[in-house]
Amino acid sequence: MAEKNNNNKSMLLALLFFVGAGALLLLSLSAEETAKKSSQLHTQQYEDRVNSHLMLTNQKMELQRQRAIVDNNSYAPDYYDTKAGQAYHNNTNGVDLSTEAHAADVAKELGRGEREARAPETPHELIQSEIFNDQQYSEYTQAYKEEYARKFIENAAR
């Protein structure tokens, strides 16, 4: 009888051992899943913060650029109100500052001669030039933003 009682105790002890091992195994698996989910959530939050910071920085830069344009336009004289200044003529017998004709000839041959800034003559030309300038500017800013984001992601990956 003592041997049967001892055998039952061993079986009960073995059963408890297996149940405990199974419970520990389940706990460790659920802890791994929780850790993975937590890591993914943390990574996503980090990426969201970086992206929001990048967007805010781009917006600030854009606002500063636009502010500079407005300031420059408010301080700049009107193009049509400007008058040509009088050239400086040195009346002394010092160094001759006049240009030589050879340099002007070479510049003309290379297509780099004097250029005239031509103002739009009709309202249609004015509108078309503004539309063209706006399109060029929007293409430039879009390319700049894409390149900036690509470089930022590349640097973040490093």
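Position 1 is the first residue of the sequence, and the numbers go up from there. From a predicted model like this one, the values you see are computed outputs, not experimental measurements. Basis for what follows: all heavy atoms, side chains included, without hydrogens, waters or symmetry-related copies.
Taken from OG1 in Thr57 to CE in Met55, the straight-line distance is 10.0 Å, to the nearest 0.5 Å. Asp71 contributes atom CG, which lies 12.0 Å from atom CD of Gln66 (distance to the nearest 0.5 angstrom). Put simply, CG on Leu12 and CG on Leu16 are 5.0 Å apart, with the number rounded to the nearest 0.5 Å. Atom CG of residue Leu56 and atom CG of residue Leu63 lie 10.5 Å apart, to the nearest 0.5 angstrom. Put simply, CG on Asp134 and OG on Ser129 are 9.5 Å apart, with the number rounded to the nearest 0.5 Å. Taken to the nearest 0.5 Å, the CD atom of Gln136 stands 11.0 Å off from the OG1 atom of Thr141.
The pair Glu146-Arg150 fails the salt-bridge criterion, with no side-chain N (NZ, NE, NH1 or NH2) lying under 4.0 Å from an Asp/Glu carboxylate O.
The side chain to side chain donor-acceptor pair (under 3.5 Å) search around Gln135 returns none, not counting sequence neighbours.
Transitive grouping of hydrophobic side chains (ILVMFWY, heavy atoms separated by less than 4.5 Å) brings Phe152 and Tyr46 into a common cluster. Follow the hydrophobic side-chain contacts under 4.5 Å out from Leu54 and you reach Tyr144 in the same cluster.
For residues 43-60, there are no salt bridge (Lys or Arg N to Asp or Glu O under 4.0 Å) pairs, not counting sequence neighbours.
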